[in-house]
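We name chains A, B, ... by the order of the sequence lines, and we start the count at 1 in each one.
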Amino acid sequence: MAQKPSTPKGTRDFSPQEMLRRKYIFNTIETVFRKYGFLPLETPAMENLSTLTGKYGEEGDRLIFKVLNSGDAWKSVSSEVKAMLVKGEEVHPGKLAAELSDKALRYDLTVPFARYVVQHQNELTFPFKRYQVQPVWRADRPQKGRYREFYQCDADVIGSKSLLNEIELVQLIDDIFTALDMKVTVKINDRKVLSAIAEISGQPEKVVDMVTAIDKLDKIGQEKVEEEMRAKGITDTAISTIAPLFRLSGTWPEQKNKLDDWLGNVPVAQEGLKSLSTIFDAVGNLKSATLEFDPTLARGLDYYTGAIFEVKANEGTMPGSICGGGRYDDLTGIFGLKDMSGVGISFGADRIYDVLLETEKFPAELGQSTRLLFANFGESEAMHCFKLLRQLRDAGIAAELYPDQVKMAKQFKYADDKGIPFVAIIGENELKQGIVTVKDMKNGEQKAVKAEELLSIIS
RNA sequence: GUGGAUGUAGCUCAGUUGGUUAGAGCGCCGGAUUGUGAUUCCGGAGGUCGCCGGUUCAAGCCCGGUCUUCCACCCCA
């Protein structure tokens, strides 16, 4: 019995038309990456499970796709766990998964990159700048703009603490969205400012809870944020200490003044504020992006330590961010390489695609690949077309010959469906007279020309 | 992972309180005499109503399970 074909949940096929548009996004991003001195890198789809676990927070670990051990996976389960299962005792799902699986699909491109850097540290010249455009997988529940397989386009600099890198990343973001004709808002914050806030609240150990609650401010409002913090065991005193955070509106200089008054005497805050100021001052005029300090921007990934970025589209209905990144001081430390600070940015190609589609920003000419189609009138005519075909292709023109001798209507329809702008007709008559009849598919006009003139007509 | 909605021809959807051969538009295929698409006219093919099970004399319609897609939460690109 034939089974109904489908792709797994949250994964998609990409048609030729979609691929042309996706390639346009990838090419645009890659071109800008190269302009800033980043070089390409690829890593395997799978990593050792231990490379990935514990890097993305508790929530992140749950979303990692684990790969079942090949062969008899049951054999890799320890006798201790087997005994528990036989007795019907409950085994912690994470523990069981770790025994059945020692590989997993990568969850992002940053952690594999850190692994790569440590593994190849002796071959690399630092600061090391790489870009990487590959799919990542998350076992999330699909939604609008959320897929289980999607592409990230990352650029990272590792082995440099200089803020020039952050500044360049903001400019790079601006360049890319300018090239894509998108207006965006780049939100920026610094984890150090967030730590300082947790510190003055008197409950520094609650940074993560505070930050994830604060992150929701624009969505659920101050009251609910405070409610959530209380639920997480943050004291009322601490919450009222944090309150000035909710009144940090205005331009960056205004925000900076308020922050200086409030957090000025906390050393870690000063560090964060100073680097934010440096970034704001040095970035200069941006073409498509608006840079905004957002004190509620937190970002869930555990490894960020300094500046953090997030980019949202100003047009369209995409709810999530289309780009995100930040500085991580010690991502390589877990793999045994200390003192290797890095900073990077990740573009979500699939979400950018969705925004461009919705706002109709894809260039119209992307659909055209073939410029000219030779209609097929039979063997000898086709052989003649073959020669012309070669000349056109040598001249850099995309052209094709319809492979079968079928009725004209079908051949013209093929050209029409494929968006081919010109059709060349060489039948018995044309062959005899040594001419080519060229039809412009847009206006239906048709004229007979010499073979030598063909190129100038269609280009 | 939690809660809610959805699923009928390739696509977008109709389908009345369960009752004979399940419909439309678009698309597809064929035709309207010679070598012409997109337009027009005529004709045709295509569905075990997501899948499995149950209730019933009878189920696209009711019930349970399962999968998909979508929405909210969580989180994120």
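- The base of B:rU2 sits within donor-acceptor range of the side chain of A:R141, with an N or O pair under 3.5 Å.
- Distance, A:I308 CD1 to B:rA77 C1': 16 Å, rounded to whole Å.
- Across every strand in view, B:rC62 sits in a pair with B:rG54 that passes the Watson-Crick or G-U test at under 3.5 angstrom.
- Nucleotides B:rU56 and B:rC13 are separated by 30 Å at their C1' atoms, to the nearest Å.
- A:C323 comes within contact range of the sugar-phosphate backbone alone, with a heavy-atom separation under 4.0 Å but no base atom that close.
- Between the side chains of A:Q446 and A:T437, not a single donor N or O lies within less than 3.5 Å of an accepting N or O.
- With P as the reference atom, B:rG53 and B:rC11 are 25 Å apart, rounded to whole Å.
- Checking the phosphate oxygens (OP1, OP2) of B:rC75, a side-chain nitrogen or oxygen of A:K216 falls inside 4.0 Å.
- Once the 5.5 Å centre distance and the 30° plane angle are applied, the aromatic ring of A:F150 is found stacked with the base of B:rA77.
- Nearest-nucleotide mapping onto RNA chain B: of A:G10 and A:G145, the residue sitting toward the 5' end is A:G10.
- Within the 4.5 Å cutoff, no side-chain heavy atoms of A:I345 are placed close to those of A:D154.
- Taking the six-membered ring for Trp and thresholds of 30 and 60 degrees, A:F128 and A:F113 have nearly parallel ring planes, at less than 30 degrees apart.
- As judged by a 4.0 angstrom heavy-atom cut-off over every strand, A:G325 is placed among residues making no nucleic acid contact.
- Base pairing analysis places B:rU39 opposite nothing; no Watson-Crick or G-U wobble pair with both distances below 3.5 Å involves it.
- Rounded to an integer number of Å, the gap from CD of A:E59 to P of B:rU2 is 12 Å.
- When Watson-Crick and G-U wobble pairs are counted only if both distances are under 3.5 Å, B:rU2 pairs with B:rA72.
- For A:E223, the CD atom sits in a loose shell: 12 or fewer heavy atoms of surrounding residues, nucleotides or ligands are nearer than 6.0 Å.
- Across the C1' atoms, B:rC75 and B:rU12 are found 33 Å apart, a figure rounded to whole Å.
- A 3.5 Å limit on both hydrogen-bonding distances identifies no Watson-Crick or G-U partner for B:rU21.
- When the P atom of B:rG1 is taken as reference, atom CD1 of A:I64 falls 15 Å away, rounded to whole Å.
- The CZ atom of A:R148 sits 18 Å away from the P atom of B:rC75 (whole-angstrom rounding).
- Here the separation of B:rC74 from B:rG7, taken at their C1' atoms, is 26 Å to the nearest Å.
- A donor N or O paired with an acceptor N or O is found under 3.5 Å between the base of B:rC76 and the side-chain atoms of A:R351.
- Remark: the separation of the C1' atoms in B:rA9 and B:rC28 is 11 Å, to the nearest Å.
- If you take NZ of A:K9 and P of B:rU66, they are 12 Å apart, rounded to a whole angstrom.
- Rounded to whole Å, the C1' atom of B:rC41 lies 47 Å from the corresponding atom of B:rC52.
- For A:G324 and A:P142, each mapped to the nucleotide of RNA chain B holding its nearest heavy atom, the one lying further toward the 5' end belongs to A:P142.
- Between B:rA24 and B:rG18, the distance separating the two C1' atoms is 23 Å to the nearest Å.
- Using a 4.0 Å cut-off between charged side-chain N and carboxylate O, A:E166 and A:R327 make a salt bridge.
- Remark: A:E358 CD is packed, more than 12 non-hydrogen atoms of other residues, nucleotides or ligands lying under 6.0 Å away.
- A 3.5 Å limit on both hydrogen-bonding distances identifies no Watson-Crick or G-U partner for B:rU33.
- A:D140 has its CG atom 13 Å from the P atom of B:rU69, to the nearest Å.
- Residue contacts for A:Q143: at a heavy-atom cut-off of 4.0 Å it reaches a base atom on one of the strands shown.
- To the nearest angstrom, P of B:rC75 lies 14 Å from CG of A:L297.
- Look at CZ on A:R146: it is 10 Å from C1' on B:rA77, rounded to the nearest Å.
- A parallel orientation is assigned to the rings of A:F280 and A:W252, their planes being inclined by less than 30° (bins at 30° and 60°).
- B:rA14 and B:rA72 have their P atoms separated by 22 Å, given to the nearest Å.
- A distance of 13.0 Å separates CD of A:Q134 from CZ of A:F150, quoted to the nearest 0.5 Å.
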Heavy-atom contacts, protein to nucleotides 31-43 of chain B, under 4.0 Å, summarised as B (base), S (sugar-phosphate only) or - (none) per nt, yield S---BBBS-----
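- Looking at heavy atoms from C-beta onward, A:L392 lies in side-chain contact with A:I458 at the 4.5 angstrom threshold.
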